[in-house]
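A short worksheet on the structure shown next.
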Number of protein chains: 2
Amino acid sequence: MSVTSTRSSVALPGRQPLYIQVRDRIVLAIAQGEWDSGEALPSEFELADRFGVSQGTVRKGLDHLAAEGVLVRRQGMGTFIAEVADDWGCAEVSGLARPLETSLELLVCARSNAGEEAATALGLRRGAVLMAVKRLVRVAGEPFALIENFVAAERFEGLDARRIKQANCNLRTVWWREFGLRVVSAPPQFRAGIAGREEARLLGVEADSPLLEVARTAGGLDGEPVEWSVLRCRTDRYVYRV
Amino acid sequence: MSVTSTRSSVALPGRQPLYIQVRDRIVLAIAQGEWDSGEALPSEFELADRFGVSQGTVRKGLDHLAAEGVLVRRQGMGTFIAEVADDWGCAEVSGLARPLETSLELLVCARSNAGEEAATALGLRRGAVLMAVKRLVRVAGEPFALIENFVAAERFEGLDARRIKQANCNLRTVWWREFGLRVVSAPPQFRAGIAGREEARLLGVEADSPLLEVARTAGGLDGEPVEWSVLRCRTDRYVYRV
DNA sequence: TAGTGGTCTAGACCACTTG
DNA sequence: AAGTGGTCTAGACCACTAC
């Protein structure tokens with residue numbers, strides 16, 4: 001395309017910039033399963049050909065998705081679909097900065113009804129049918145946190161404990177492999193709470209111990225809210241870092 | 001500069017990209033007080049002339065600083081030095097999303113000695129002389145949080161309550177106006193704690209209520225740590241959001 | 001109307017990785 | 001040596017703001 005005959009459509013009001021359109025078309029392709037997790041995308045020039053834009057424009061779109069954590073770019077190698085991760089921040093031993101081994105255990109996977117917070121976060125009416133998944137996080141073998149995730153039962157028909165365990169209790173993997181959905185987390189909200197009897201037992205702390213609560217919604221790449229979740233963790237031995 | 005005679009220095013090993021150099025030179029100019037808070041920078045083309053690079057390269061450098069929150073870009077108007085803000089996240093009424101009026105009250109401004117956490121965060125030895133500033137945050141008139149800030153006394157010679165009050169208790173303004181220092185916060189660490197007697201009294205909650213603790217370091221634009229701070233807030237009525 | 005930031009292009013060269 | 005992402009340029013046009 002010559003510079004002097006730039007397409008007039010470039011200037012239409014209300015139109016998204018080309019690099020955003022490129023981003024969205026790549027998102028669409030990802031959602032349609034064109035590339036698997038960890039797989040390489042075509043090169044910038046190939047994508048530029050495919051979308052009919054210049055390499056620099058493709059680049060800007062890819063950079064956006066890399067900043068969102070959806071893609072990983074490696075110089076000399078290519079652009080890859082990022083491996084899905086549960087993405088629950090990381091626990092650190094106070095002071096120390098070395099990563100600790102964490103494990104996930106599935107406690108509950110059952111239907112439930114949306115409370116006020118969950119309904120608001122997911123844009124559903126109160127009482128809507130949800131799937132509730134409850135997991136226990138261990139750090140270096142010791143109980144550290146409880147995570148509850150809520151998704152609309154309708155969208156996740158067929159979700160059960162078996163599928164979750166198959167994915168090593170990584171829900172993001174389940175959303176991706178079983179339901180073709182890639183999600184990105186919104187900024188979390190923080191609260192301080194108190195451990196109830198059941199929570200204290202599961203986390204191995206005394207009842208009425210303070211717990212850190214982290215709540216957040218996650219949405220599809222199109223921005224629609226899909227998942228609401230709450231993490232409750234002890235912070236006597238570890239620190240929570242976003 | 002013609003394309004074919006590209007400067008060979010562009011490829012020297014260990015050399016920073018030009019747009020990073022541009023960023024750093026702008027940071028330097030800001031640190032030297034070349035522009036005041038809220039003031040407009042020269043246009044992209046003027047800066048390009050000044051630094052001897054193309055407009056696109058200047059643009060990339062400016063975009064970086066805008067992403068860091070140091071600059072604000074407004075189409076059709078120009079690029080401005082961002083107003084300094086205390087930047088302590090925002091409290092929100094659970095559910096509601098409208099902004100609430102907040103106020104700051106200075107409680108203490110005194111010398112103290114670095115504890116372990118502060119010393120580690122600031123890269124000082126334990127027991128180093130610090131200035132400790134303690135403030136009370138009110139949201140809609142009600143006590144919400146206590147903030148303690150720690151900085152090296154040596155670097156902030158002459159810091160006192162008067163200077164802080166003159167700046168409406170906004171410490172970032174003091175750092176900027178009185179000490180020519182612009183800081184950017186690192187990601188915070190979160191903990192759940194319990195209100196002591198004094199804290200409970202100041203925050204208007206019962207003793208032993210759970211409190212959310214948010215700790216973080218802030219560094220100069222060159223990345224050196226300058227300030228360590230801890231916020232303790234009640235989350236019974238409000239939610240903390242990063 | 002002039003000046004600003006925002007988008008887009010085409011083409012060059014560099015650094016890095018793999019064969 | 002070939003292919004990839006990363007940087008940089010020069011120049012065009014657009015959208016927004018102010019005068």
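- Under a 4.0 Å N-O distance rule, the pair B:Glu83/B:Arg182 does not qualify as a salt bridge.
- The CZ atom of A:Phe80 sits 9 Å away from the C1' atom of D:dT4 (whole-angstrom rounding).
- No more than 12 heavy atoms of other residues, nucleotides or ligands shown are found within 6.0 angstrom of CD on B:Glu154.
- Considering only side-chain atoms of A:Thr57, the nucleotide from D:dG5, C:dT4, C:dC8 that sits closest is C:dC8.
- Taking atom CD on A:Gln75 and atom P on C:dC16, their separation rounds to 6 Å, with Å as the unit.
- Distances from the side chain of B:Leu18 to the nucleotides C:dG5, D:dT9, C:dT9 place D:dT9 closest.
- Classification of A:Glu224 and A:Arg155 as a salt-bridged pair fails, no side-chain N sitting under 4.0 Å from a carboxylate O.
- Which of D:dG5, D:dG11, C:dT4 sits closest to the side chain of B:Glu46 comes down to C:dT4.
- Nearest nucleotide to the B:Pro17 side chain, out of D:dT7, C:dT9, D:dT4: D:dT7.
- Using cut-offs of 30° and 60° for the angle between ring planes, the B:Phe156 and B:Trp175 rings count as tilted.
- Checking D:dG11, D:dG5, C:dT4 against every side-chain atom of A:Thr79, the shortest atom distance belongs to D:dG5.
- Rounded to whole Å, the distance from CD on B:Glu44 to P on C:dC8 is 15 Å.
- As a whole-Å value, the separation of B:Ile20 CD1 from D:dT7 P is 8 Å.
- The distance from atom CZ of A:Arg59 to atom C1' of D:dT9 is 15 Å, rounded to the nearest whole Å.
- Following rounding to the nearest Å, B:Asp63 (CG) and D:dC8 (P) show an atom-to-atom distance of 14 Å.
- Taking the side chain of B:Val53 as heavy atoms from C-beta on, and the options D:dT4, D:dT9, C:dT9, the nearest nucleotide is D:dT9.
- Side-chain polar atoms of B:Ser185 and B:Arg172 form a donor-acceptor pair below 3.5 angstrom.
- Mapping A:Gly76 and B:Phe45 onto DNA chain D by nearest heavy atom places A:Gly76 at the nucleotide closer to the 5' end.
- In this structure, B:Arg73 reaches the C:dG6 phosphate: one of its side-chain N or O atoms is under 4.0 Å from OP1 or OP2.
- For the pair B:Tyr19 and D:dT7, the criterion of a side-chain N or O lying under 4.0 Å from OP1 or OP2 is met.
- The CD atom of B:Gln55 sits 14 Å away from the P atom of D:dC8 (whole-angstrom rounding).
- Taking atom CG of residue A:Leu47 and atom P of nucleotide C:dT9, one finds them 14 Å apart after rounding to whole Å.
- Distances shorter than 4.0 Å separate none of the side-chain N or O atoms of B:Lys60 from OP1 or OP2 on D:dC8.
- Nearest to the side-chain atoms of B:Met77 among the listed nucleotides C:dT4, D:dA18, D:dT7 stands D:dA18.
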